[in-house]
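Since this is a predicted model, take the numbers as computed values, not measurements.
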Amino acid sequence: MSQSMRTTYCGLVTEALMGQTVTLCGWVNRRRDHGGVIFVDLRDREGYVQVVCDPDRPEMFKAAEGLRNEFCIQVKGVVRARPAGTTNDNLKSGKIEVLCHELVVLNPSVTPPFQLDDENLSETTRLMHRVLDLRRPYMQKNLMLRYKVTMEVRKFMDANGFIDIETPMLTKSTPEGARDYLVPSRVHDGMFFALPQSPQLFKQLLMVSGFDRYYQITKCFRDEDLRADRQPEFTQIDVETSFMKEEEIRTMFEGMIRSTFQNVLGIDIGAFPVMQHADAMRLYGSDKPDLRVKLEFTELTDVMKDVDFKVFSGPANAEDGRVVGLRVPSGGEMSRGEIDGYTEFVKIYGAKGLAWIKVNEVAKGREGLQSPIVKNLHDRAIAEILKRTGAQDGDLVFFGADKAKVVNDAIGALRVKVGHSEFGKSKGLIEGQWKPLWVVDFPMFEFDEDAQRWNAVHHPFTSPKDGHEDWLETDPGRCLAKAYDAVLNGIELGGGSVRIHREDVQSKVFRALKIGPEEAQAKFGFLLDALQYGAPPHGGIAIGLDRFVMLMTGAESLRDVIAFPKTQRAQDLLTQAPGPVDEKQLRELHIRLRNPQGA
């Protein structure tokens with residue numbers, strides 16, 4: 001064989017190399033025996049090439065006869081045109097093939113547990129055999145795209161004067177919303193480090209230190225209940241900057257997201273409209289609305305206060321209640337079965353049921369409506385429903401009536417489900433491929449009924465909007481934050497805020513959260529102390545890299561864009577982590593298990 005182990009990648013062999021001798025290395029994707037001639041589809045990370053093995057080179061042909069799927073081989077041969085009618089337009093190498101002169105088996109393979117082109121693999125099988133799963137072109141493409149995204153982000157950051165600074169992985173446990181992963185200290189008996197939920201406090205300290213513009217593509221850890229778009233360890237594009245206002249920060253990072261889409265996928269996702277949090281909740285019941293879906297809520301709370309229908313009048317008169325309508329154009333065509341299906345769907349979100357009215361003929365008023373609830377509504381309520389929703393003949397109006405949170409969650413999810421259904425697509429209820437958005441002016445606090453106290457919506461270092469500081473003590477519920485979320489297609493890409501840089505304002509926020517001076521000093525003393533040394537105005541954003549890449553690839557799960565992910569039960573099926581450790585290790589860490597396994 002030639003001096004170099006290979007001269008090019010399999011997937012990059014094209015007609016430009018016609019007539020040349022190439023040396024390739026890769027894996028046997030498939031071996032086909034066509035009456036005395038053996039064809040090998042050779043695969044590497046760049047794609048496939050067809051290798052032809054003729055029997056007139058007996059030694060090479062004998063080796064080719066022994067090949068099986070996933071053997072790792074080296075091939076030397078001449079690039080030639082494929083015979084007429086056998087080209088493959090789906091491959092870069094589809095117009096050529098390599099006539100094999102020499103073939104070396106670098107390493108055989110046992111029979112793989114699955115075919116790499118099997119589309120119906122269970123996720124358990126894939127994650128147990130992740131090494132083979134990652135060989136599949138789908139996973140190779142996803143992780144290559146992830147790499148390109150991080151390169152584009154780094155280029156953008158570098159061009160805009162941001163510097164990459166690492167922050168610690170072993171740090172102090174601070175309350176940030178989710179549970180910490182704890183790491184026991186061997187040296188300090190009974191003491192624990194925590195893995196960071198985000199580098200939030202450190203990036204603020206770097207601003208006080210005068211580094212001005214910091215970024216990091218870093219791992220974060222949260223011990224929380226998992227879903228398809230959550231992982232216990234995830235990657236964040238973490239950013240902080242000094243001396244920039246909220247609008248300037250948003251403009252810059254909108255630029256980063258747009259340029260990354262443009263340079264990686266060649267797609268212009270367009271400018272980000274700005275929507276206030278209150279409007280997002282009013283119209284869509286969500287702080288991350290999918291604007292591709294053209295349906296909107298109609299507020300009906302005030303109309304329903306005096307109707308006989310207790311299902312509506314109860315919530316309408318409750319302090320935290322809400323009644324909304326969701327008009328579905330042409331929804332009158334839905335079958336009773338489909339409506340029943342949606343009724344079951346909203347129950348997932350705590351709704352007790354789903355009231356509806358089919359609008360057969362608007363002109364006939366009450367007589368033109370079809371629904372079991374119409375008899376319980378007075379004429380003024382019916383007139384207002386038709387007027388406010390703008391219902392036309394043939395439409396359907398769904399209703400949500402409950403606590404505002406239940407209505408927002410249930411009807412918000414229903415809006416998206418109807419829009420994305422086959423019915424929704426056929427009726428044009430969804431449009432556009434990419435719909436970005438900034439959601440701004442989040443509330444500073446949300447009230448925890450169980451604990452009877454206010455909690456920070458983002459984190460306790462978020463700055464109130466100018467003029468709202470005075471309400472921190474008197475009316476926390478009125479305070480809005482200089483906080484913003486970047487949303488794309490109904491998925492939160494990332495969020496950030498302008499931070500509190502003055503110690504007096506930070507103390508007011510702690511008081512509103514019922515965090516006393518001693519607790520504040522114990523948990524955040526190092527930050528509070530630092531803020532006294534001329535801290536600059538600063539703010540930032542954190543963008544979820546895994547989610548960003550998931551959207552770009554069209555993958556359905558974060559696990560398809562992470563090389564070695566955890567399951568929904570926070571397990572790594574490949575390495576069998578987490579696992580037990582031996583008694584000696586536990587003794588060194590001064591740890592005794594209360595309920596040893598098997599006890």
For [Y], is there an ion pair with [X] - N to carboxylate O distance below 4.0 angstrom?
| X | Y | value |
| --- | --- | --- |
| Arg282 | Glu299 | no |
| Arg136 | Asp560 | no |
| Arg366 | Asp379 | yes |
| Glu46 | Lys92 | no |
| Lys364 | Glu361 | yes |
| Lys352 | Asp402 | yes |
| Lys482 | Asp466 | yes |
| Lys148 | Glu152 | no |

Please report the interatomic distance [atom1]([X]) to [atom2]([Y]), rounded to the nearest 0.5 Å.
| X | Y | atom1 | atom2 | answer |
| --- | --- | --- | --- | --- |
| Met334 | Phe398 | CE | CZ | 4.5 Å |
| Gln216 | Asp238 | CD | CG | 6.5 Å |
| Asn29 | Asp44 | CG | CG | 11.0 Å |
| Arg327 | Leu386 | CZ | CG | 11.0 Å |
| Tyr215 | Met256 | OH | CE | 10.5 Å |
| Asp302 | Leu300 | CG | CG | 7.5 Å |

Step by step, would you call Phe297 with Leu326 a side-chain contact (heavy atoms from CB on, under 4.5 Å)?
CA-CA 5 Å; Phe297 285 14; Leu326 183 75; 4.1 Å; yes
Would you say that [X] contacts [Y] through its side chain, given a criterion of any heavy-atom pair below 4.5 Å between the two side chains?
| X | Y | result |
| --- | --- | --- |
| Ile562 | Arg146 | yes |
| Arg559 | Gln231 | yes |
| Asp572 | Arg130 | no |

Please enumerate all residues that pass ring-ring contact (aromatic ring centres under 6.0 Å, His included) together with Phe548, with sequence neighbours excluded.
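ring-ring contact (aromatic ring centres under 6.0 Å, His included) list for Phe548, sorted by chain: Phe261.
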Parallel, tilted or perpendicular: which fits the ring planes of [X] and [Y], with parallel below 30° and perpendicular above 60°?
| X | Y | result |
| --- | --- | --- |
| Phe461 | His459 | tilted |
| Phe399 | Phe312 | tilted |
| Trp438 | Phe272 | tilted |

side-chain contact (heavy atoms from CB on, under 4.5 Å) between Arg322 and Val324, worked out:
CA-CA 7 Å; Arg322 187 177 191 195; Val324 301; 3.3 Å; yes
Applying side-chain contact (heavy atoms from CB on, under 4.5 Å) to His277 and Met281, what does each step give before you reach the verdict?
CA-CA 6 Å; His277 176 269; Met281 299 308 291; 3.5 Å; yes
Stepwise, does the side-chain contact (heavy atoms from CB on, under 4.5 Å) test hold for Asn489 with Trp434?
CA-CA 6 Å; Asn489 291 1; Trp434 302 102; 3.5 Å; yes
Check Ile385 against Thr389 and note the closest heavy-atom contact, atom names and distance.
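Shortest heavy-atom separation between Ile385 and Thr389 comes out as O-OG1, 2.6 Å.
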How far apart are the C-alpha atoms of Arg388 and Glu384, what are their side-chain angles, what is the distance that settles it, and do they pass the salt bridge (charged side-chain N to carboxylate O under 4.0 Å, His left out) test?
CA-CA 6 Å; Arg388 291 190 190 185; Glu384 280 297 309; 2.8 Å; yes
